[in-house]
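Letters go in sequence order (proteins before strands), and every chain restarts at 1. Predicted model only: the values in this text are computed from it and were never measured.
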There are 2 protein chains.
Amino acid sequence: MATRTTQILEAAARLIARRGVRGLRVEELATEAGVSTGLIYYHFKDRTGILRHTLEFINDRAERYTTGRAADAEPLAPRAELEEILLLELQDTPEVRENSAAWGELRASAVFDQVLREDLARATLVWGQEVAALLGHVQPMAPAPALAAAGERLTALLEGLSMRWLSGGLDLGHARDLTRGAIDAELARLQGK
Amino acid sequence: MATRTTQILEAAARLIARRGVRGLRVEELATEAGVSTGLIYYHFKDRTGILRHTLEFINDRAERYTTGRAADAEPLAPRAELEEILLLELQDTPEVRENSAAWGELRASAVFDQVLREDLARATLVWGQEVAALLGHVQPMAPAPALAAAGERLTALLEGLSMRWLSGGLDLGHARDLTRGAIDAELARLQGK
DNA sequence: GTCTATATAAGGATAGAC
DNA sequence: GTCTATCCTTATATAGAC
């Protein structure tokens with residue numbers, strides 16, 4: 001299953017996590033993937049093509065590990081499930097690091113590049129809604145708009161914490177504690193209203 | 001007071017807000033500033049020098065508008081002051097846009113560039129502590145660690161919201177509402193404990 | 001499909017005149 | 001201090017053999 005193109009995409013993901021989207025050099029990618037630059041252009045047309053496919057590839061992987069709860073596992077309590085989903089983004093594994101780094105790059109690039117915005121906005125929306133739905137399981141009486149806002153805040157916070165973690169200013173364990181605290185805070189607010 | 005070097009730095013700030021740190025071209029900067037590339041190298045040595053000085057310049061400006069409350073203005077209630085400080089970062093003025101964009105670029109660059117991390121960590125820490133202190137005025141009975149955590153969360157959230165705003169996925173008014181809601185949530189949590 | 005070799009362009013940086 | 005002209009390196013991209 002490790003076809004040549006996925007081999008290149010995996011290398012690209014590693015390299016983007018290491019050097020950033022804008023630090024990706026095609027020749028370096030060729031070396032990392034163990035192929036020639038010519039082959040890369042043959043498969044992906046140009047630099048932009050590499051980037052597009054890699055980000056797509058990364059997005060697919062992220063969905064897999066976000067959704068990836070074994071079918072035979074016992075179902076979690078709503079609050080625990082919410083926590084688990086959010087904390088999945090704060091793990092020190094190569095896969096999560098790569099995905100988070102790539103996501104941060106995508107976000108940062110979109111500030112200056114119109115083209116990336118649409119995908120990003122869609123993915124952001126979906127993610128916020130997922131979290132809002134989970135919050136709704138914990139607090140079934142809370143009004144929908146309040147849940148939606150809390151979902152947006154928790155996901156935005158997670159992006160902020162991820163960036164601080166990846167940029168070296170925040171210890172992972174602390175980031176996870178802060179995330180749990182944010183869940184508490186949002187639930188306290190939903191209850192108080 | 002508009003010396004040649006500040007003229008160049010102002011142009012650089014504009015350009016970074018438009019193209020990003022990594023999209024900054026020295027020749028484009030020369031055009032934007034209305035000078036020659038030679039002059040830029042004369043003053044700033046090399047591309048890195050331009051970047052360093054520009055980020056410093058931008059940081060100084062940010063402190064001015066964060067601290068910039070007229071001495072004759074009536075003092076605000078603690079909660080209002082907290083809100084004001086946070087919302088200063090979410091305004092649609094060229095200055096705030098430039099500063100936020102530059103800050104986001106700095107953060108994103110630091111993921112891949114060791115050199116920038118130290119400054120960033122220090123500034124982040126100070127900011128979080130300021131917010132924690134303001135929270136302490138609102139909730140004098142809250143324990144210090146809880147205040148510190150809330151300060152970290154609010155500032156991290158603000159970074160996340162800023163990026164969403166700048167990357168086009170989030171309306172400014174909504175970002176401000178979400179910020180107010182986050183303050184409510186944190187205060188609710190501090191009270192509940 | 002894959003490689004080697006190379007064309008072409010972009011951007012950073014310097015020299016030297018004024 | 002400032003400009004013009006130019007060099008040199010780095011990267012993207014293509015051509016053509018296998």
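At a threshold of 4.0 angstrom between heavy atoms, the contacts of B/Leu24 are confined to the sugar-phosphate backbone, with no base atom among them.
B/Arg19 has its CZ atom 10 Å from the P atom of C/dG11, to the nearest Å. Whole-Å rounding puts the A/Glu28 CD to D/dT12 C1' distance at 15 Å. Between the C1' atom of D/dA13 and the CD1 atom of A/Ile40 lies a distance of 12 Å, rounded to the nearest Å. Distance, A/Glu27 CD to D/dT10 P: 11 Å, rounded to whole Å. A/Leu15 has its CG atom 12 Å from the P atom of D/dA11, to the nearest Å.
Under the 4.0 Å criterion applied to side-chain N and carboxylate O atoms, A/Glu32 and A/Arg18 are assigned as salt-bridge partners.
Contact annotation: the side chain of A/Val35 approaches that of A/Gln7 to within less than 4.5 Å [non-hydrogen atoms, C-beta and beyond].
Taking only side-chain nitrogens and oxygens, B/Arg25 comes nearer than 4.0 Å to OP1 or OP2 of C/dG12. Contact annotation: B/Arg47 side-chain N/O to C/dA13 OP1/OP2 distance is not under 4.0 Å. The phosphate of C/dT14 has neither OP1 nor OP2 within less than 4.0 Å of any side-chain N or O from B/Tyr41.
In this structure, the nucleotide among D/dT2, C/dG12, C/dG1 sitting nearest to the side chain of A/His43 is C/dG1. The side chain of B/Ser36 has D/dT4 as its nearest neighbour among C/dC3, D/dT12, D/dT4.
Follow the hydrophobic side-chain contacts under 4.5 Å out from B/Tyr41 and you reach B/Leu39 in the same cluster.
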Determine, step by step, whether A/Glu105 and B/Arg22 satisfy the salt bridge (Lys or Arg N to Asp or Glu O under 4.0 Å) criterion, reporting the C-alpha distance in whole Å, the side-chain angles of both residues, the deciding distance to 0.1 Å, and the verdict.
CA-CA 12 Å; A/Glu105 278 290 290; B/Arg22 288 161 282 188; 3.4 Å; yes
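Residue whose closest nucleotide on DNA chain C sits further toward the 5' end, between A/Tyr42 and B/Gly38: A/Tyr42.
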